[in-house]
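Structure first, commentary second.
Worth saying up front: this structure is predicted, and the values here are computed from it rather than measured. Throughout, numbering of the chain's residues begins at 1 and tracks the sequence.
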Amino acid sequence: YCVRTAGACQFLMTQFLVDRGCFTGVYTERDVAEACNDGQLSRKPSTEGCLSCAHGRFSSGANWPKCKDCTPGKHSLEGAFLCTECQVGKFQPDEGTHTCLECSAGKYRAWTGATSCVHCEVGKYQDKRAYKLCHDCPAGKHQSQVGKIACAACNKGFFSVAAQASVCSSCAVGQVQGGSSADGYTSCDGCDAGKYQSVEAKTVCVSCEAGRYQTQDAQADCTNCAIG
């Protein structure tokens with residue numbers, strides 16, 4: 001601790017009074033030695049008083065000799081005695097900062113204290129900033145790349161029946177999808193009797209040629225008529 005003796009501030013150490021300024025982390029005021037508060041430090045060994053730690057730094061406990069930088073994933077305002085972890089959806093890769101950054105659209109972070117954000121996985125998207133999760137692509141849409149802000153609708157001849165699809169499936173032989181929908185397609189339509197489709201991912205069915213017929217729906221071919 002520091003005491004006033006003959007107008008000089010002295011430090012009691014190992015039972016000896018040594019003429020010097022008050023040690024770092026302690027200041028004198030009105031001839032009474034006082035420890036610096038949390039979040040403060042003394043300018044130098046002297047009686048000049050304490051300073052608040054700058055933003056992005058902290059000091060914890062009385063007699064703290066200096067301020068320290070907040071570690072990555074944390075931040076602080078001026079005069080802090082602790083650093084605060086970045087909230088979900090935010091991150092901070094650097095040390096000694098006073099704010100956290102928002103995860104950009106197409107990325108997320110689900111826990112606090114993050115130093116980076118994660119790309120949305122395939123089959124998912126996120127169109128907003130600072131989010132803790134990504135959304136599944138709905139049925140009828142897909143997303144084959146990571147870190148995207150939207151899903152793509154399945155094209156004609158393709159469909160996705162479940163959410164979180166990374167690719168759309170082809171309509172099978174005997175089936176087609178040729179409608180018009182901005183939301184994509186969740187199923188395919190079977191060809192009517194008298195028609196067929198022998199190729200996958202097609203948009204229209206083909207009528208049976210002369211001399212051929214088909215009595216069933218969703219078929220890949222027609223049957224030749226019997227001779228006579």
Side-chain angles (χ1 to χ4, degrees), residues 72-73 85-93 100-228:
E85 290 188 336
C86 294
Q87 297 176 335
V88 293
K90 296 185 178 182
F91 72 106
Q92 180 50 255
C100 295
L101 307 174
E102 294 181 342
C103 294
S104 59
K107 296 182 178 182
Y108 74 101
R109 179 52 80 186
W111 58 82
T112 61
T115 59
S116 64
C117 296
V118 180
H119 287 100
C120 293
E121 297 86 354
V122 295
K124 297 188 176 186
Y125 75 100
Q126 179 52 259
D127 58 349
K128 295 181 175 61
R129 300 175 62 88
Y131 262 66
K132 65 179 181 179
L133 51 79
C134 296
H135 303 298
D136 292 344
C137 292
K141 296 187 176 184
H142 75 289
Q143 183 49 258
S144 60
Q145 298 179 347
V146 300
K148 293 301 180 180
I149 63 173
C151 299
C154 293
N155 293 323
K156 294 179 179 180
F158 296 83
F159 72 101
S160 68
V161 67
Q164 200 178 335
S166 59
V167 295
C168 296
S169 302
S170 302
C171 291
V173 294
Q175 298 181 339
V176 295
Q177 183 50 263
S180 177
S181 174
D183 295 325
Y185 307 97
T186 58
S187 63
C188 298
D189 300 321
C191 294
D192 295 332
K195 296 183 177 182
Y196 72 100
Q197 181 50 259
S198 59
V199 181
E200 294 182 351
K202 289 299 181 178
T203 61
V204 294
C205 297
V206 180
S207 296
C208 293
E209 297 84 357
R212 310 188 76 202
Y213 72 98
Q214 182 54 259
T215 60
Q216 299 182 19
D217 295 336
Q219 296 301 302
D221 200 1
C222 294
T223 303
N224 292 325
C225 294
I227 298 175

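Not counting sequence neighbours, the partners of V146 by the side chain to side chain contact (heavy atoms under 4.5 Å, CB included) test are H119, V122.
For the pair T115/Q92, no side-chain contact is recorded, criterion being any heavy-atom separation below 4.5 Å from C-beta on. With contacts defined as side-chain heavy-atom distances shorter than 4.5 Å, the pair K90/E102 qualifies. Side-chain atoms of V176 and C171, non-hydrogen and from C-beta on, never get closer than 4.5 Å to each other. Side-chain contact between P93 and P72 is absent, with no heavy atoms from C-beta onward closer than 4.5 Å.
How far CG of L101 is from CZ of R129: 9.0 Å, rounded to the nearest 0.5 Å. Rounded to the nearest 0.5 Å, atoms NE2 (H135) and CG (D127) are 6.0 Å apart. Within the model, atoms SG of C134 and CD of Q164 stand 10.0 Å from one another, a figure rounded to the nearest 0.5 Å. Taking SG of C168 as the reference point, atom NZ of K156 lies at 14.5 Å (rounded to 0.5 Å). The CG atom of L133 sits 8.0 Å away from atom NZ of K124, with the distance rounded to the nearest 0.5 Å.
For the residue pair E121 / Y108, a side-chain donor-acceptor distance below 3.5 Å is found, with atom types taken as modelled.
Judged by distance alone, with hydrogens and angles left aside, the side-chain atoms of R109 form no donor-acceptor pair with the main-chain N or O of F91 at under 3.5 Å. A distance-only check finds a donor-acceptor pair linking the side chain of Q219 to the backbone of D217 [under 3.5 Å]. A distance-only check finds no donor-acceptor pair linking the side chain of D136 to the backbone of A163 [under 3.5 Å]. In terms of modelled atom types and a separation under 3.5 Å, the side chain of S181 and the main chain of D183 share a donor-acceptor contact.
Ion pair R212/D221 flagged as a salt bridge, since at least one NZ, NE, NH1 or NH2 atom sits closer than 4.0 Å to an Asp/Glu carboxylate oxygen.
Of all heavy-atom pairs spanning A153 and A182, the tightest one is CB-O, 3.5 Å. The shortest non-hydrogen separation linking Y185 to F158 is CB-O, 3.5 Å. Taking every heavy atom of both residues into account, F159 and C188 meet most closely at CD2-SG, 3.4 Å.
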*Give the intermediate values and the outcome of side-chain contact (heavy atoms from CB on, under 4.5 Å) for residues Q126 and K107.*
CA-CA 7 Å; Q126 179 52 259; K107 296 182 178 182; over 6 Å; no
*Determine, step by step, whether Q216 and Y196 satisfy the side-chain hydrogen bond (donor to acceptor under 3.5 Å, both in side chains) criterion, reporting the C-alpha distance in whole Å, the side-chain angles of both residues, the deciding distance to 0.1 Å, and the verdict.*
CA-CA 9 Å; Q216 299 182 19; Y196 72 100; over 6 Å; no
*In sequence, state the C-alpha distance, the side-chain angles, and the governing distance for I149 and Y125, and then conclude on side-chain contact (heavy atoms from CB on, under 4.5 Å).*
CA-CA 5 Å; I149 63 173; Y125 75 100; 5.9 Å; no
Identify every side-chain donor-acceptor pair in residues 197-204 under 3.5 Å, counting partners at least two apart or on other chains, and give the distances.
residue : atom : partner : partner atom : Å
Q197    : OE1  : V199    : N            : 3.1
Q197    : NE2  : V204    : O            : 2.8

Anything under 3.5 Å between a donor and an acceptor, one on a side chain of residues 138-145, the other on a protein residue two or more places apart or in another chain? List them.
residue : atom : partner : partner atom : Å
H142    : ND1  : A152    : O            : 3.1
Q143    : OE1  : Q145    : N            : 3.1
Q143    : NE2  : A150    : O            : 2.8
Q145    : OE1  : K148    : NZ           : 3.1

